[in-house]
Amino acid sequence: MEKIIYLDNNATTMVDPLVLEEMLPFLRERYGNPSSMYDLGGEVAKDIAKARIQVAELLGAEHEREIVFTSCGTESDNMAISGVLPQNGDKKHIITSRVEHPAVLNLCKKLERDGYRITYIPVDREGLLNIDKLKESADNDTAIVSIMLANNETGVIFPVEEIGSFLKEKGILFHIDAVQAVGKIPIDVKKLNCDMLSISGHKFHSPKGIGALYIKTGTKIQPLLHGGHQEKGMRPGTENAAGIVGMGKAAELALKSLEREHEIQKLRDSLENGILEKFPNCSLNGAKNRRVPNTCNVGFEYIEGESILLYLNEKNIAASSGSACSSGSLEPSHVLRAMGVPFTSAHGSIRFSLSRFTAKDEIDYTLSVLPEIINRLLEISPFWDSKNKKPTGIRF
Amino acid sequence: MWDYSDKVKELYKNPKNVGVIENADAVGEEGSIVCGDALKVFLKIKDNVITDAKFQTFGCGSAIASSSALTEMIKGKTLEEAQKITNRDIVDYLGGLPEEKMHCSVMGSEALGKAIASYRGVKIKDKSEAEGEIICKCFGVTDQLIRKAIRENNLKTVEEVTNYTKAGGGCESCIPELERILQEELHVADKSEKQEGKIPLSNIKRMQLVEKTITDVIRPQLQQDGGDIELIDIDNKKVYVSLRGSCAGCVASNVTLKYLVQDKLREFVESDIEVIEQK
């Protein structure tokens, strides 16, 4: 297979070779059950304990026992929100945002059907959260607020620190979905004043199938699953030792690489500025200076996102789109619609997301092939007059 | 990633007939930029034959491929021949489309229909005054288009209706209405199937059919094994027979009755015929 220019790191990431190396023994000779009374298993428990410390350090947790390993970000989100509701039995109000990941949004829709009242906080044209609205909505009936740290589509960062201190004062529980922020910006759960925080391993160079939930000491929460004593009963089921050890190593590496995030930002900016300069009918989605350093979301007018992706794929470039067609749903991304991005460019939105493995020549190559792709699709489009280089002006 | 056929891939990578025909004899538009896909078809027509066809598409890979396929399919055809092309034909030409992408093929056949109608001088109405009632407000889909898609593609579920027409794919508020239309159409289809020969038989008709089936189908098979059958009586749906020749007293006669006589009568006469052996 030819080399892939992988610019879809918000979807998933490559497993760091150092992470894989750390994991392999647990998929080969060190297969023992960590709960067992002999060294083959018992020694594995020590490696899990080490990984717990590594993850706790990445998140700035006070104590590693505050980290519970799960199977993915979705499970962590579900466990956090569903887990605390029965402990706050009489409170029936939940606050979240309109641009959350489906893991939170669809859970909230389910809870709405179960009789909970949900407030979905809007965002502005730049994707920034209306924090005043959030503060107004919080009341004595509010059981929990769940807000993402950074948006997966635009990379826009939400003011969770401010929200955290407000909610702490109010005595309202706060869950942060940090799946798209971890490894991209520094996280300190103490500073954020959150009670729970979700992460997923495969977004920062560990494998799929491993996630974690930070639960502040003293938080009253019930497990989603019921079973054995693993994870102190909070997440029963025999541990995914290889995944846990891998995520531990990835956490250690992420902490180190955070110092180099400005290099990723430099590459992202050169890609973004290059695109915006080359294509006048292209605009940025998301607040320019309030984003994680790896994400660039641009909307091309008059052409459609899935076809851009298919043409990029022909050039071995992997990216993603908020267009309706590429997702299998018929409407463009709920995030872009919540921001009020016009349909004309929402359908043509493309997200490029970089990682520490992205090289400068890959960005240069992408910039060099984009004009051919975009111009070809503009030629096909009924809304663009390629001869006179202007919109046809027709609308149907 | 969609599971696109090789033909679809070939056609979105290198679409044929892209562009505008200046002074086209007919133009048809379908979809809209808001909906996420739109198609404009240009036709050159001479002596009732489509001599050239071009398109412009705003849409995904399958929309480009469907448009390209359509223009290839109609070139050289008379208007009457072209008009008979359904979305199903476009799908077949493409070697299939993912279920969720079927609406791309519908967009093709609709745009063609509009182009031909405009050529014939039928005024094309815009969506606000389109024929039929708009059911899906998100995508402006009328009941007429929905019913047509159900019939031409033999759709059975609301999900399929959404895949083919996009109706119900937005706010979802029209789904109960889609369900109602679908049930109506299914009911109609069911009825017409019955009228094609599945109306309850009269006693005389049933007797005639039983006799004919025994004579033409069952007896020849039994005779091959040296046996025979005699029809004793028919009482409503109970058919009394007697096995003769080597069949009489054969240990397998019960099997013969059930799997040959009764099954054949059920196949050719009525599905609830019961065969009873009179010894």
Side-chain angles (χ1 to χ4, degrees), chain A residues 8 11 109 299-315 318-334 336-337 341-349 372-373 375-388 391-396, chain B residues 1-2 4 8-9 12-15 17-20 22 27-42 54-65 67-68 98-101 103-104 111 114 124 126-127 136 138-141 162-163 165-172:
Chain A
D8 201 14
K109 280 185 194 152
F300 292 92
E301 279 194 286
Y302 315 114
I303 55 178
E304 197 277 332
E306 183 193 306
S307 46
I308 304 175
L309 295 184
L310 293 172
Y311 279 40
L312 281 169
N313 185 46
E314 288 303 304
K315 302 284 181 193
S320 85
S321 168
S323 91
C325 292
S326 59
S327 67
S329 85
L330 293 172
E331 296 211 316
S333 127
H334 71 286
L336 300 181
R337 276 185 294 146
V341 173
F343 276 93
T344 51
S345 77
H347 285 298
S349 70
E372 183 189 328
I373 293 170
N375 291 333
R376 177 63 178 142
L377 288 168
L378 282 170
E379 262 171 44
I380 300 178
S381 171
F383 302 114
W384 183 255
D385 178 352
S386 288
K387 216 196 283 172
N388 300 309
T392 52
I394 54 164
R395 280 279 181 272
F396 61 88
Chain B
M1 184 105 184
W2 300 110
Y4 284 138
V8 173
K9 285 184 191 165
Y12 73 63
K13 281 182 214 169
N14 296 301
N17 312 317
V18 171
V20 178
E22 305 291 346
V27 178
E29 291 168 351
E30 181 63 22
S32 88
I33 197 166
V34 176
C35 294
D37 41 25
L39 164 64
K40 195 169 184 180
V41 181
F42 303 84
K54 288 197 173 194
F55 77 92
Q56 288 184 312
T57 293
F58 166 86
C60 54
S62 54
I64 295 173
S67 316
S68 182
E99 273 296 305
E100 295 87 342
K101 295 289 191 181
H103 59 87
C104 294
K114 285 183 180 178
I124 297 294
D126 71 25
K127 281 209 165 127
C136 171
C138 298
F139 294 111
V141 188
T162 304
N163 286 337
T165 66
K166 295 180 112 179
C171 72
E172 302 186 356

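These numbers come from the heavy atoms of this one structure, side chains and all, not from hydrogens, waters or symmetry mates. Chain letters run A, B, ... following the sequence lines, proteins first and then strands; every chain starts at 1.
- Shortest non-hydrogen contact noted between A:Ser307 and B:Gly59 is OG-O, 3.0 Å.
- Within the 4.5 angstrom heavy-atom criterion, only backbone atoms of A:Ile303 (N, CA, C, O) approach chain B.
- Looking at every heavy atom in both residues, B:Phe58 comes nearest to A:Phe383 through CB-CE1, 3.5 Å.
- Neither the backbone nor the side chain of B:Pro98 comes within contact range of chain A, judged by heavy atoms closer than 4.5 Å.
- Residue with the most contacts toward chain A among B:Lys166, B:Lys40, B:Lys13: B:Lys13 (heavy-atom pairs, distance under 4.5 Å).
- For B:Thr162, the parts lying under 4.5 angstrom from a heavy atom of chain A are both the backbone and the side chain.
- For the atom pair SG of B:Cys60 and CD1 of A:Ile308, the computed distance is 12.0 Å after rounding to the nearest 0.5 Å.
- Contact of the B:Ile64 side chain with the A:Leu310 side chain is not registered, since no non-hydrogen atoms from C-beta on lie closer than 4.5 Å.
- Interface remark: B:Lys9 contributes no atoms to any contact with chain A (heavy atom separation under 4.5 Å).
- The shortest heavy-atom contact between B:Pro15 and A:Arg376 is CG-NH2, 3.7 Å.
- Atom OG of A:Ser381 and atom CD1 of B:Ile33 lie 6.5 Å apart (nearest 0.5 Å).
- Residues B:Ala38 and A:Pro382 approach most closely at O-CG, 4.4 Å, considering heavy atoms.
- In summary, the side chains of B:Trp2 and A:Glu306 do present a donor paired with an acceptor at a separation below 3.5 Å, with no hydrogens or angles considered.
- Of the listed residues (B:Leu39, B:Val20, B:Thr57, B:Val18), the one with the most heavy-atom contacts under 4.5 Å to chain A is B:Thr57.
- Here the closest heavy-atom approach between residue A:Glu379 and residue B:Gln56 is recorded as O-NE2, 4.0 Å.
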